[in-house]
Amino acid sequence: MASTTLDPGTQSAPPSGKTFLGHPRGLATLFMTEMWERFSFYGMRALLVLYLVADHADGGLGYKAAVGAAIVSVYNAMVYLTALPGGWIADRFWGPRKTVAVGGGVIMIGHFLLAVPGSGLFFAGLAFIAVGSGLLKSNISTMVGHLYDGPNDPRRDGGFTVFYMGINLGAFAAPLVIGTVGQKVDWHLGFALAGVGMALGLAQYLLGTRHLSPQSNVVNSPISAAEKRSVLRKAALWLAAAVAFYAVVALSGSFTVDWVIWPLSIAGIAIPVIYFARMQRDKDLSRDEKSKMTGYIWFFVAAAVFWMIYDQSSSTLNIFATDSTSSTLFGFDFPSSWFQSLNPLYIMALAPVFAWLWVWLARRGKNPSTTVKFAIGLLMIGASFLVMMLAMAAASGGTKVSPLWLAMVYLIQTVGELTLSPVGLSVTTKLAPAKYASQMMGLWFLAVTAGDCVAAVVQLVMGDATGSTWYFASQGVLAIIAGVALWMYRRRVVSLMGDVH
């Protein structure tokens with residue numbers, strides 16, 4: 001059994017007087033690691049749907065737009081679904097610090113697999129990236145929380161906002177570099193550049209771990225030998241069942257991509273429901289912790305609706321950018337993948353403003369509650385798809401619309417994201433029961449999984465209507481209704497949160 005005590009030979013050095021933008025120095029290490037990981041991820045994602053729907057003659061895989069969009073949605077979902085077992089592995093086996101290092105290595109291998117021509121290795125590479133991202137994502141965010149003195153440290157929300165800027169710095173540069181190479185030179189060379197980015201991120205992390213909190217080495221609830229054998233046995237049985245099932249489907253000649261998309265979509269929606277039910281029945285949790293978890297469900301559902309729309313920037317909006325949007329502005333031609341840099345560019349410009357705004361309002365006793373901030377996020381993301389409805393109408397008849405349409409859509413989405421996502425990361429660490437410290441961050445990312453899986457189902461059901469005016473209008477109205485409902489019940493949610501503000 002692994003020990004819960006810190007190994008003196010591996011714990012972090014005591015914090016020095018040096019800081020990073022007024023925050024603990026370890027934030028710089030996590031900032032740079034996440035920046036390069038996001039460079040690799042968003043660079044690959046900017047190309048993914050375009051490669052899937054490109055004709056075989058152009059080097060792509062030739063899927064229909066709705067299927068390509070659904071594949072991207074499910075892939076995004078799986079990246080965040082694996083964050084839950086990633087958090088569990090950190091809690092029970094390795095601790096967050098080691099888990100992040102292993103995850104970075106797996107992601108790097110996945111990107112280099114994408115660089116090899118052939119659909120088999122391509123989809124294997126996506127699987128590697130999804131698994132590696134799950135190991136890295138939930139735990140690197142948890143380690144940001146470890147740098148601060150408790151959930152009510154006044155620097156905490158600001159620290160997560162700075163960390164969020166690192167994410168978006170990498171996301172901004174990625175489409176400009178990887179997108180250009182992938183679209184203009186060779187798809188697979190673009191994917192290879194994503195692998196190089198992850199390699200740089202992994203090197204940065206390994207060099208800077210001495211600045212992290214000693215708590216990031218702790219295994220919160222080490223697994224016993226008997227439990228380990230049971231887990232491995234169950235995992236082997238499920239894997240064998242899946243292999244046998246898909247072997248039968250393939251040998252029957254009826255295998256299509258739907259056999260992957262539908263089961264994963266259903267699982268991505270069902271798993272969060274099952275996991276919440278399991279945590280609420282856990283007798284180790286106090287009454288106060290269960291109350292906080294009930295309040296957290298509201299934030300989870302709101303986030304799922306938000307990400308259902310937001311994550312379509314890499315699927316339906318990316319296809320709209322390529323097929324229906326002019327790629328010339330002020331006489332300058334650019335690849336359609338460059339639109340993917342708009343959101344992170346806006347975030348880098350606006351995140352400091354929002355970080356200052358929350359502090360300024362807090363000093364005057366007017367800082368909106370987390371519930372109100374989430375409601376604002378939902379209203380903004382809904383409004384963005386109503387604008388997309390108008391853009392789609394303007395593009396009818398094969399007209400190429402102005403790039404300013406998408407620029408407006410991404411600006412509205414960014415404002416919504418800044419009221420919801422950094423605050424969501426922070427409230428997750430505040431409401432997390434001690435027993436589920438790392439797993440709770442994985443649960444937060446399951447909101448993305450649920451939202452993306454719903455998007456994949458909608459895309460498959462609507463088929464050729466994906467990306468139509470009705471498609472955008474229906475989802476936009478749904479998000480606005482959800483935002484109004486959350487605002488109306490805000491006092492009930494705040495009461496469930498107990499001493500967390």
Side-chain angles (χ1 to χ4, degrees), residues 44-45 47-86 106-135 187-188 191-192 194-195 231-271 274 314-315 319 446 449-450 452-464 466:
M44 179 277 295
R45 204 173 77 152
L47 295 177
L48 184 54
V49 77
L50 303 180
Y51 174 69
L52 288 168
V53 303
D55 292 335
H56 293 291
D58 296 324
L61 296 184
Y63 286 105
K64 291 182 178 180
V67 176
I71 291 173
V72 173
S73 293
V74 169
Y75 165 70
N76 286 336
M78 293 304 104
V79 165
Y80 291 93
L81 175 63
T82 53
L84 190 59
V106 174
I107 293 170
M108 181 181 65
I109 293 170
H111 283 299
F112 286 128
L113 286 175
L114 299 185
V116 181
S119 60
L121 287 177
F122 179 81
F123 285 106
L126 292 181
F128 267 77
I129 297 170
V131 171
S133 295
L135 294 172
W187 298 112
H188 299 286
F191 294 135
V231 167
L232 293 176
R233 182 170 60 252
K234 290 177 181 178
L237 288 173
W238 279 105
L239 179 61
V243 170
F245 174 79
Y246 281 104
V248 171
V249 173
L251 291 173
S252 69
S254 59
F255 180 81
T256 66
V257 72
D258 285 359
W259 281 99
V260 177
I261 296 176
W262 277 103
L264 291 179
S265 297
I266 293 170
I269 296 168
I271 288 173
I274 296 170
S314 60
S315 55
I319 293 172
L446 274 187
T449 296
D452 282 335
C453 286
V454 172
V457 170
V458 171
Q459 287 153 357
L460 288 179
V461 170
M462 296 195 74
D464 292 340
T466 296

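Note that the structure is a prediction, hence the values are computed from the model and not measured. The basis for the numbers below is simple: all heavy atoms, side chains too, and nothing from hydrogens, waters or symmetry mates.
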Practice prompt. Check for a donor-acceptor pair, side chain of T82 on one end and backbone N or O of A130 on the other, with a separation under 3.5 Å.
Written response: yes
Fill in: Heavy-atom closest contact (I319 atom, A65 atom, distance)
CD1-O, 3.8 Å
Discussion item. Would you say that L264 contacts C453 through its side chain, given a criterion of any heavy-atom pair below 4.5 Å between the two side chains?
Written reply: no
Item to complete: Check Y75 against L126 and note the closest heavy-atom contact, atom names and distance.
Response: CE1-O, 3.5 Å
Practice prompt. Taking the side chain as every heavy atom from C-beta outward, state whether L446 and L81 have any pair of such atoms under 4.5 Å apart.
Written response: yes
Worksheet entry | Atom of S314, atom of V49 and distance for their closest heavy-atom approach | O-CG1, 3.3 Å
Practice prompt. Step through the shown structure and confirm whether more than 12 heavy atoms of other residues, nucleotides or ligands are within 6.0 Å of CZ on F128.
Written response: no
Worksheet item: Is the closest side-chain heavy-atom distance between F122 and L48 below 4.5 Å?
Response: yes
Worksheet, complete the sentence: So OG of S73 and CG of L460: to nearest 0.5 Å the spacing works out to 9.0 Å
Fill in: Min side-chain heavy-atom separation V72-L52 under 4.5 Å
yes
Response to the item:
For L114 and M44 the tightest heavy-atom approach is CD1-CG, 3.4 Å
Item to complete: Could you check whether the rings of Y63 and F123 sit parallel, tilted or perpendicular, using 30° and 60° as the cut-offs?
Response: perpendicular
Worksheet entry | Donor-acceptor under 3.5 Å (W187 side chain, D58 main chain) | yes
Worksheet item: Distance-only, no hydrogens or angles: does the Y246 side chain make a donor-acceptor pair with backbone N or O of W259 under 3.5 Å?
Response: yes
Discussion item. Using every non-hydrogen atom in the two residues, find where S265 and V457 come nearest and quote the distance to one decimal.
Written reply: CB-CG2, 3.8 Å
Worksheet item: What is the distance from atom CG of L113 to atom CE of M108, rounded to the nearest 0.5 Å?
Response: 11.0 Å
Worksheet item: In Å and rounded to the nearest 0.5 Å, what is the CG to CE distance from D452 to M78?
Response: 9.0 Å
Discussion item. So P263 and F245, do their side chains get closer than 4.5 Å, heavy atoms only?
Written reply: no
Worksheet item: Do any N or O atoms from the side chain of T466 and from the backbone of A66 form a donor-acceptor pair under 3.5 angstrom?
Response: no
Item to complete: Kindly give the heavy-atom pair with the smallest separation between A456 and V74, and that separation in Å.
Response: CB-CG2, 3.6 Å
